[in-house]
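What follows is a single structure, written as structure tokens, with notes after it.
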Amino acid sequence: MAAKIPEVTQISESDLVRLTQEARQEATPTFGKIIWREFKNNRLALTSLVLVITFILFVIIAALFINTPKMMTTNIMDYYSKPFNKNFILGADSGGRSIAKQLIVGSRNSICIAIGLTVISSTWGICWGMISGYFGGKVDLVMQRVYDFMMILPMLMTIIVIVTIIPTYNSVTLTLILSVFYWMGTSRLIRSRVLAESQKDYVAASKTSGTSNWKIIFREIMPNISSLIIVDTTLSFAENIGVETGLSYLGFGLPLGTPSLGTLIANANDPENITTYWWTWLPAALEIIILCLAISYIGQAFRHATNASQQ
Amino acid sequence: MWKTILRRLLIMIPEIIILSVLVFILAKAMPGDPFTGSINPKADASQIHHLMRVNGLYDPWYQQYWNWIVHLFHGDLGTSYEYQEPVTTLIAQRGMNTFWLALFTMILTYVIGLPLGIYAGSHEGKLPDTLVRVYTYITMSIPFFVVLVVGVWIFGYTLNWFPTSGSIASNANGLGSTILSRLQHIILPGLLGALFGTVNIVQYLRSEVIDAKSSDYVKTARSKGVSTKNIYQHHIFRNSLLPIAAFAGYSITGLLGGSIFTEMVFSYPGMGLLFLNAINYRDYTVITSLVLLYGFLNLLGTLLSDIILSIVDPRIRVE
């Protein structure tokens with residue numbers, strides 16, 4: 001660092017170190033630091049974070065030890081086994097299948113789809129919003145018309161129709177189909193931020209010095225809106241858990257024989273199940289509620305932290 | 001003003017065309033043909049071919065698309081294979097049920113959302129504000145279908161306060177008891193839909209109120225000695241009333257999308273349940289008509305909201 005200073009300046013080595021430290025202290029802290037500070041002060045957010053991460057790791061690892069086809073075979077002797085007995089911690093459903101095991105494998109499937117959906121649709125939405133907002137003009141106009149059209153499309157119905165048309169599909173194709181329909185919220189948010197951001201001086205300076213547009217978008221604007229991206233991605237992750245489980249609940253999500261939190265809740269469609277055999281669906285419903293609340297709370301904490309950092 | 005509305009209408013035209021093409025492609029991609037199920041099983045395959053030819057199903061796709069559009073404009077959506085009734089009649093019956101439920105939900109949403117938003121905004125940072133924020137955080141986080149299932153379990157099956165299926169009791173006759181029975185069937189789904197659909201209204205109104213509190217016109221009113229209650233009622237609230245009303249158009253999309261879940265959980269015979277049944281019976285004319293109708297209603301809702309908002313706020317008028 002010292003080498004770059006012209007020799008005419010009279011700053012000594014130790015002064016320079018001291019000044020750098022002072023400058024660092026006065027500069028806005030990095031996003032990672034802000035978040036760390038937020039989570040240190042907000043115990044509930046920290047608990048949520050630990051809970052969500054431990055739970056996701058637990059279901060992914062535990063699901064490896066469960067033989068799904070064997071678990072899904074009907075065993076008439078265990079028909080509606082009551083919960084809290086030694087064979088079935090959470091009881092069994094009408095086919096004598098263990099609810100606890102289905103819950104673990106189902107959570108794994110639902111969470112993995114939600115993660116995949118969040119990664120794909122957010123990436124798409126971020127790129128769409130940044131290109132649309134940065135270039136403006138005709139590009140923006142065309143991209144906005146596509147966005148408008150996607151917004152009027154009856155999403156749920158279209159997804160259900162596509163799922164029924166496609167003869168065979170698995171969780172990967174399902175994630176891809178869903179991703180086509182769930183990027184609009186992100187793209188709108190990012191677009192409006194990038195619109196404002198691209199008016200700023202640093203972008204103009206970069207343009208005049210001949211930096212390529214793509215470099216400005218992805219290397220200069222994107223880091224500046226990274227906190228917004230992190231907050232939005234976390235919140236859409238919470239939302240996306242509801243997307244696949246909702247479809248599976250209606251019977252159009254994961255194919256039969258692949259348990260999901262949604263198919264477990266669908267047990268409640270039977271009036272007898274919903275009251276007498278509550279253990280077949282209630283654990284899955286509670287799990288979704290707690291998981292979504294926790295992830296959403298983490299997102300709120302991120303948002304709180306970034307708002308605080310801007311002040 | 002009129003220019004804006006006209007431009008907005010012009011934008012709508014390509015959207016409708018693309019929507020109809022998309023629905024047509026989806027309909028063509030569905031397996032099977034419309035006749036196999038509806039004629040005598042002993043019929044010869046050549047007879048089906050004959051029917052297909054007479055009905056123009058062997059025509060080139062653009063001819064078929066054109067025929068379909070012409071029929072559409074004559075109000076002919078085809079016949080349902082499952083119910084053996086014209087689709088228009090079927091949708092008209094079910095549509096009314098969905099409409100009443102959606103209207104009821106929307107009214108309740110405003111009844112709950114407006115006071116909460118104003119109350120939270122005027123008590124910014126205090127306990128009521130925190131409580132309202134906790135409420136919006138909870139309602140926006142939990143997936144709606146889970147809320148419905150848990151709601152019907154608690155209030156329908158366990159507490160027995162509300163009926164759990166249908167749109168009207170079978171023993172209801174006479175105008176009074178019919179209306180009462182219908183109302184009884186939509187209270188729980190409507191209330192759940194409204195309680196979990198206020199987020200946008202509450203958040204918008206809250207930030208509007210907070211912004212307005214420090215704005216010049218409110219300060220002027222205050223310095224003139226207008227009472228706080230009066231300021232909220234006649235100055236702040238009236239200012240944000242139109243944008244709030246404009247949300248109604250956008251929320252049509254959410255209400256229609258939600259109707260599929262609501263009607264599934266409550267076995268409520270509306271368009272959403274009709275759609276799910278049609279999917280299960282592969283009743284293609286009903287499916288395509290409903291997708292087209294839902295898309296069209298979304299379009300109308302958005303159009304309505306955009307026009308109201310462009311009247312209120314000239315900055316967002318379409319150039």
Side-chain angles (χ1 to χ4, degrees), chain A residues 141 144-146 148-149 151-158 160-167 235 238-252 261-262 265-269 271-276 278 281-282 284-297 299-300, chain B residues 11-12 14-16 18-19 22-23 26-27 29-31 133 137-138 140-147 149-150 152-153 156-158 164-165 250 253 256-261 264-265 267 272 275-276 279-280 282 284 287-288 290-303 306 319:
Chain A
L141 198 73
Q144 280 305 102
R145 289 293 86 79
V146 176
D148 284 345
F149 179 74
M151 286 306 283
I152 61 139
L153 207 64
M155 256 193 286
L156 192 59
M157 282 186 159
T158 320
I160 291 176
V161 170
I162 291 174
V163 166
T164 44
I165 288 174
I166 294 179
L235 290 178
E239 257 172 58
N240 289 340
I241 288 182
V243 173
E244 179 273 328
T245 48
L247 265 183
S248 297
Y249 168 76
L250 292 175
F252 303 101
L261 291 176
I265 297 181
N267 282 332
N269 285 335
E272 207 179 342
N273 272 350
I274 199 170
T275 46
T276 322
W278 52 267
W281 65 274
L282 193 61
L286 288 179
E287 189 197 312
I288 289 190
I289 292 176
I290 294 170
L291 205 58
C292 285
L293 283 176
I295 296 172
S296 196
Y297 194 78
Q300 304 279 350
Chain B
I11 292 173
M12 220 176 107
E15 286 184 343
I16 294 182
I18 297 172
L19 178 70
L22 191 77
V23 171
L26 287 178
M30 290 173 195
R133 270 166 58 194
Y137 148 69
I138 289 175
M140 91 181 182
S141 310
I142 304 176
F144 186 47
F145 81 99
V146 182
V147 172
V149 172
V150 175
V152 79
W153 172 57
Y157 286 103
T158 311
T164 54
S165 69
Y250 293 131
T253 319
L256 287 178
S259 76
I260 296 177
F261 286 114
M264 167 91 174
V265 173
S267 314
F275 175 79
L276 289 175
I279 286 275
N280 287 332
R282 302 287 189 268
Y284 298 130
I287 298 171
T288 47
L290 281 174
V291 176
L292 198 64
L293 180 71
Y294 269 44
F296 187 66
L297 290 174
N298 287 347
L299 197 61
L300 281 186
T302 321
L303 177 76
D306 283 353
E319 289 302 325

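So that the names make sense, note that chain A is the first sequence line, chain B the second, and so on, each numbered from 1.
The heavy-atom pair separating Ala29(B) from Ile165(A) by the smallest distance is O-CG2, 3.6 Å. Of all non-hydrogen atoms in Phe145(B) and Ile265(A), the two that sit nearest each other are CE1-CD1, 4.0 Å. Of all heavy-atom pairs between Ser141(B) and Cys292(A), the closest is O-CB, 3.5 Å. Shortest non-hydrogen contact noted between Val291(B) and Met157(A) is CA-SD, 4.0 Å.
For chain A, the nearby part of Ile287(B) is the side chain; its heavy atoms alone come within less than 4.5 Å. Proximity to chain B (any heavy atom under 4.5 Å) is restricted, for Ala268(A), to the side chain, taken from C-beta onward. Using a 4.5 Å cut-off between heavy atoms, Thr158(B) does not touch chain A at all. Heavy atoms closer than 4.5 Å to chain A are found nowhere in Leu293(B), neither backbone nor side chain. Of the atoms belonging to Val146(B), it is side-chain heavy atoms, and not backbone ones, that fall under 4.5 Å from chain A. Neither the backbone nor the side chain of Ile295(A) has a heavy atom closer than 4.5 Å to any heavy atom of chain B. Within the 4.5 angstrom heavy-atom criterion, atoms from both the backbone and the side chain of Val265(B) approach chain A.
In terms of heavy-atom pairs under 4.5 angstrom with chain A, the leader among Tyr294(B), Tyr157(B), Tyr137(B) is Tyr137(B). Among Thr245(A), Ile162(A), Thr164(A), Ile241(A), the residue with the largest count of heavy-atom pairs under 4.5 Å with chain B is Thr245(A). No other option in Ile288(A), Leu250(A), Thr158(A) has as many heavy-atom pairs under 4.5 Å with chain B as Leu250(A). In terms of heavy-atom pairs under 4.5 angstrom with chain A, the leader among Leu297(B), Val152(B), Ile279(B) is Ile279(B).
Atom-to-atom distance recorded for Met140(B):CE and Gln300(A):CD is 4.5 Å, nearest 0.5 angstrom. To the nearest 0.5 Å, the span separating CZ on Phe275(B) from CG on Leu156(A) amounts to 7.5 Å. Distance check, rounded to the nearest 0.5 Å: CZ of Phe296(B) to CD1 of Ile152(A) gives 10.0 Å. With rounding to the nearest 0.5 angstrom, the CE atom of Met155(A) is 12.0 Å from the CG atom of Leu256(B). A distance of 7.5 Å separates CG of Leu141(A) from CD1 of Ile11(B), quoted to the nearest 0.5 Å. The distance from atom CG of Leu299(B) to atom CZ of Phe149(A), rounded to the nearest 0.5 Å, is 9.5 Å.
The side-chain heavy atoms of Leu276(B) and Phe252(A), taken from C-beta on, include a pair separated by under 4.5 Å. When side chains are defined from C-beta on, Asn298(B) does not count as touching Leu153(A), because their heavy atoms never get closer than 4.5 Å.
Within a 6.0 Å sphere centred on CE of Met151(A), heavy atoms belonging to other residues, nucleotides or ligands number 12 at most.
In this structure, the ring of Trp153(B) has its center no less than 6.0 angstrom from the ring center of Trp278(A).
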TODO: Starting from the C-alpha separation in whole Å, work towards a yes-or-no answer on side chain to side chain contact (heavy atoms under 4.5 Å, CB included) for Tyr297(A) and Ile138(B).
DONE: CA-CA 9 Å; Tyr297(A) 194 78; Ile138(B) 289 175; over 6 Å; no

